2 protein chains.
Amino acid sequence: MKSFDTHTLLTAHGLRCTRPRVKVAELLFADGQDRHITAEWVADELGKMGEAVALATVYNTLNSFMEAGLLAQINGLEAGRYVFDTNTEPHHHFYNETTGCLTDMPPSALRFYKMPEAPAGTEIVDWQVVVRVR
Amino acid sequence: MKSFDTHTLLTAHGLRCTRPRVKVAELLFADGQDRHITAEWVADELGKMGEAVALATVYNTLNSFMEAGLLAQINGLEAGRYVFDTNTEPHHHFYNETTGCLTDMPPSALRFYKMPEAPAGTEIVDWQVVVRVR
DNA sequence: TATTCATATTAGAATAGTTCTAAATTGTCT
DNA sequence: AGACAATTTAGAACTATTCTAATATGAATA
Ligand SMILES: [Mn+2]
Ligand SMILES: [Mn+2]
Ligand SMILES: [Zn+2]
Ligand SMILES: [Zn+2]
């Protein structure tokens, strides 16, 4: 009686169903909540749960999940830090430089008058706004 | 007969006038052009000019220039890399993930319908859009 | 179920951009 | 010139992430 089918989620996204991936998927997706996460947080959390996964594997897993479209990457925070978002819908963030707190921006907070056009010969792959606050 | 007064620029911004700062300021501001620069580029360039400055000093200098308002920092590029902009006016960028090329967005490319409001108890310090292209 | 093998995991080393340390130097004020 | 706080510097330290290469494992096949 599992309410959340990790095996289906992984295989449907072309990912082999391994113990580390199952544990990470359960941690991130089982309750359907939006989360902003780092590799370190995932590794710590699994450790506390007695399901330790090597940090390198956590990185591999998060990158695989991102390539598979299960996670989005948030750019524009502290240089040198990768933060992933379980909400893969395009949306924007407030980043509190003092506390490190990252919050979703209500969709109504920002509207674009005109979408930017990519320079000749290129196409837009991603764009997101990070509003830094204090 | 100097067309660009580094001494005045530095002291007017509350910075002591040292050899490294004068050399960096001349390199970055003498011709009035907009530039996107890294510490490594500055150190290399000064080295080639026979005016070597220690890399740590270049970092100190760029950070001082930024605090003094002479440079802006561009967030949202590769994690772990600081890029500064001699154009301190708020503006946005295209970032080519393949080539690493960073270009200013024409002001007309993006218009905002509504400015975002910061979460309670905070104020917006900075925001910029990086549109990633390929 | 047993075999197979491409794929994934892992510990530890490597990497790279940036910051730190602490001793020597230098710019500015008097 | 003298005083002293600010700055420079080489090299070490730091830190988040990736790499290496040996081992383990999932899933397809027999
Ligand atoms: Mn989010
Ligand atoms: Mn620019
Ligand atoms: Zn499974
Ligand atoms: Zn001067």
Side-chain angles (χ1 to χ4, degrees), chain A residues 5-25 27 36-47 51-68 70-71 73-84 95 97 100 102, chain B residues 5-25 27 36-47 51-68 70-71 73-84 95 97 100 102:
Chain A
D5 188 348
T6 316
H7 184 92
T8 300
L9 180 76
L10 292 175
T11 53
H13 284 81
L15 296 167
R16 272 171 54 169
C17 195
T18 66
R19 187 191 69 90
R21 302 219 267 228
V22 168
K23 293 304 166 189
V24 174
L27 178 64
H36 301 137
I37 54 149
T38 63
E40 196 189 15
W41 179 84
V42 171
D44 286 354
E45 212 63 20
L46 294 178
E51 294 286 355
V53 170
L55 186 55
T57 305
V58 174
Y59 276 104
N60 291 341
T61 301
L62 296 181
N63 284 324
S64 298
F65 283 13
M66 188 185 56
E67 276 158 37
L70 285 168
L71 287 175
Q73 207 165 16
I74 302 174
N75 304 305
L77 311 179
E78 296 307 307
R81 207 112 224 267
Y82 285 118
V83 179
F84 295 92
Y95 176 63
E97 290 187 341
L102 186 67
Chain B
D5 188 349
T6 317
H7 184 92
T8 300
L9 180 77
L10 292 175
T11 53
H13 284 81
L15 296 166
R16 272 170 54 167
C17 192
T18 67
R19 188 191 69 90
R21 302 220 265 227
V22 167
K23 292 305 166 187
V24 174
L27 178 66
H36 302 136
I37 54 149
T38 62
E40 197 189 15
W41 179 84
V42 170
D44 285 354
E45 212 64 20
L46 294 178
E51 294 285 355
V53 169
L55 187 55
T57 305
V58 173
Y59 277 104
N60 291 342
T61 301
L62 296 181
N63 284 324
S64 298
F65 281 14
M66 189 186 55
E67 276 158 40
L70 286 168
L71 288 174
Q73 208 164 16
I74 303 174
N75 304 304
L77 311 179
E78 296 307 308
R81 206 114 226 263
Y82 286 117
V83 179
F84 296 91
Y95 176 63
E97 289 187 342
L102 185 69

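Reckoned from all heavy atoms, side chains included, excluding hydrogens, waters and symmetry mates. Only a predicted model underlies this, so the values are computations on that prediction, with no experimental measurement involved.
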For this session: Answer yes or no: does a side-chain N or O of B/Tyr59 lie under 4.0 Å from OP1 or OP2 of C/dT18?
Result: yes
For this session: Pick base, sugar-phosphate or nothing for B/Thr18, based on heavy-atom distances below 4.0 Å to the nucleic acid.
Result: sugar-phosphate
Seminar exercise, completed: Across all chains, not counting sequence neighbours, the side chain to side chain donor-acceptor pair (under 3.5 Å) partners of B/Arg81 are B/Glu40
For this session: Return the value, rounded to whole Å, for the distance between atom CG of B/Leu10 and atom P of D/dT7.
Result: 11 Å
For this session: Ignoring the backbone of A/Thr61, work out which of C/dT9, C/dT19, D/dA10 is nearest its side chain.
Result: C/dT9
Exercise. Of all the nucleotides listed (D/dA27, C/dG17, D/dT9), which has the minimum atom distance to the side chain of B/Arg81?
Worked result: C/dG17
Problem set entry | Protein-nucleotide distance (B/Arg21, atom CZ; D/dT9, atom C1'), rounded to Å | 14 Å
Exercise. Picking from D/dA6, C/dA6, D/dT18, which would you name as closest to the side chain of B/Arg16?
Worked result: D/dA6
Seminar exercise, completed: When rounded to whole Å, the CG to P distance for the pair B/Asn60 and C/dT26 reads 16 Å
Exercise. Whole Å only: how far is the NE2 atom of B/His7 from the P atom of C/dG27?
Worked result: 12 Å
Problem set entry | Separation between NE2 of A/His36 and CZ of A/Phe84, rounded to the nearest 0.5 Å | 13.0 Å
Exercise. If each of B/Ala56 and B/Thr11 is mapped to the nucleotide of DNA chain C with the nearest heavy atom, which maps nearer the 5' terminus, i.e. the 5' end?
Worked result: B/Ala56
Seminar exercise, completed: Ranking B/Val83 and A/Leu55 by the position along DNA chain C of their nearest nucleotide, the one closer to 5' is A/Leu55
Problem set entry | Whole-Å distance separating the CH2 atom of A/Trp41 from the C1' atom of D/dA16 | 18 Å
For this session: For B/Met66 and C/dT18, give me the distance from atom CE to atom P, rounded to whole Å.
Result: 12 Å
Exercise. To the nearest angstrom, how far is B/Phe84 atom CZ from C/dG17 atom P?
Worked result: 14 Å
Using distance only, find each side-chain donor-acceptor pair of residues 52-63 of chain B under 3.5 Å and give its atom names and separation, not counting sequence neighbours.
residue	atom	partner	partner atom	Å
B/Asn60	ND2	B/Ala56	O	3.4
B/Thr61	OG1	B/Thr57	O	2.7
B/Asn63	ND2	B/Tyr59	O	3.2

Exercise. Given side chains that start at C-beta, do those of B/Leu27 and B/Trp41 come closer than 4.5 Å, heavy atoms only?
Worked result: yes
Problem set entry | B/Arg19 CZ - C/dT28 P separation (whole Å) | 15 Å
Exercise. About how many Å separate CD of B/Glu51 and CD of B/Glu45, when rounded to the nearest 0.5 Å?
Worked result: 12.5 Å
